[in-house]
Amino acid sequence: MRESLKNGTGELQTFTANFDHLALKRIDRIEKGHRKLTPTICLKNLRDEEGNLVSDHVWLNYDAAFRKLGILQKNDQVLFRSRSKKYHKGIYKEKVDYKIAQPRKVKLLTQHKYQPMPIDKQAVIGYIMCLKGEKGGGNYTKAYHEWAFNNR
């Protein structure tokens, strides 16, 4: 299904997709003895400029370009420009696939009342932990609650 990503590798393209949900990617840093958390966003029904379905879903880092849109609701439609990139996956990195890299010029196409989202990564991680009901967020949930208190 991601053949059009393969064909357009390296070229800046315009895509639309629907917001599905937020999550946290956990990367264990055994050599440093800690776990790194990165906020991620799952978008479904990724379509190219012609409206062709490119992928049923994609996972991207939930960076500031997306966070500036505010709190997204399920099925909100977003538009962005990005390049596709080849990567290796699987336990031994034996499989080749294609992904979206560094989306830019992100716009919300769905209209609804704007609700701000923290820009600070620590507070965003805390927001996602609270959203998912995760326990033990420590400094992350503290950062989110402080942001929420200051932005009432």
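Given the structure is predicted, the values throughout are model-derived calculations rather than measurements.
Side chains of Thr14 and Lys105 form no contact here, defined as non-hydrogen atoms less than 4.5 Å apart.
Pro118 approaches Val124 most closely through the heavy-atom pair O-CG2, 3.1 Å. Across all non-hydrogen atoms, the minimal contact from Ile100 to Val58 is CG1-CG1, 4.5 Å. Contact between Ala123 and Tyr144 at its shortest, heavy atoms only, is O-CB, 3.4 Å. Of all non-hydrogen atoms in Ala23 and Lys132, the two that sit nearest each other are CA-CE, 4.0 Å. Nearest heavy atoms, Pro39 versus Leu24: CA-CD2, 3.9 Å.
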Exercise for the section: Take Arg104 and Arg83, measure what side chain to side chain contact (heavy atoms under 4.5 Å, CB included) needs, and give me the verdict at the end. Expected result: CA-CA 10 Å; Arg104 56 187 80 165; Arg83 299 179 196 281; 4.2 Å; yes
Problem - Worked verdict on Trp147 versus Asp120 for side chain to side chain contact (heavy atoms under 4.5 Å, CB included) - result: CA-CA 9 Å; Trp147 174 87; Asp120 174 69; over 6 Å; no
Exercise for the section: Given side chain to side chain contact (heavy atoms under 4.5 Å, CB included), test Leu108 with Leu72 step by step and report yes or no. Expected result: CA-CA 9 Å; Leu108 179 62; Leu72 297 171; 3.9 Å; yes
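A distance of 9.0 Å separates CD of Gln77 from CZ of Arg47, quoted to the nearest 0.5 Å. Rounding to the nearest 0.5 Å places CD1 of Ile41 at 10.0 Å from NE2 of His21. Rounding to the nearest 0.5 Å places CZ of Phe19 at 9.5 Å from CG of Asn75. Going from atom SG of Cys130 over to atom CD1 of Ile125 covers 12.0 Å, rounded to the nearest 0.5 Å. Interatomic distance, Phe15 CZ to Leu43 CG, rounded to the nearest 0.5 Å: 11.5 Å. Rounded to the nearest 0.5 Å, atoms CG (Leu22) and CG (Asp20) are 9.5 Å apart.
The main-chain N or O of Asp63 is never found under 3.5 Å from a side-chain atom of Asn61 such that the two would form a donor-acceptor pair. Listed for the Thr38 side chain is no donor-acceptor partner under 3.5 Å among the backbone atoms of Lys25. Side-chain atoms of Glu94 come within 3.5 Å of backbone N or O of Tyr92 as a donor-acceptor pair. Without hydrogens or angle criteria, Arg67 side chain to Ile119 main chain gives a donor-acceptor distance under 3.5 Å.
Counting non-hydrogen atoms of other residues, nucleotides and ligands closer than 6.0 Å to CG of Asn52 gives a total above 12. Within a 6.0 Å sphere centred on NZ of Lys95, other residues, nucleotides and ligands contribute 12 heavy atoms or fewer. Environment of CD in Gln111: sparse, with no more than 12 heavy atoms of neighbouring residues, nucleotides or ligands closer than 6.0 Å. Other residues, nucleotides and ligands place no more than 12 heavy atoms under 6.0 Å from the CD atom of Gln102. Atom NZ of Lys68 has 12 or fewer neighbouring heavy atoms from other residues, nucleotides or ligands inside a 6.0 Å radius. Other residues, nucleotides and ligands contribute more than 12 heavy atoms inside 6.0 Å of the OH atom of Tyr114.
Checked for salt-bridge contact, Lys44 and Asp56 miss the test: no charged N lies under 4.0 Å from a carboxylate O.
There is no path of hydrophobic side-chain contacts, each under 4.5 Å, that joins Leu79 to Leu60. The cluster map of Ile, Leu, Val, Met, Phe, Trp and Tyr, joined by side-chain heavy atoms under 4.5 Å apart, puts Val78 and Ile71 in the same cluster.
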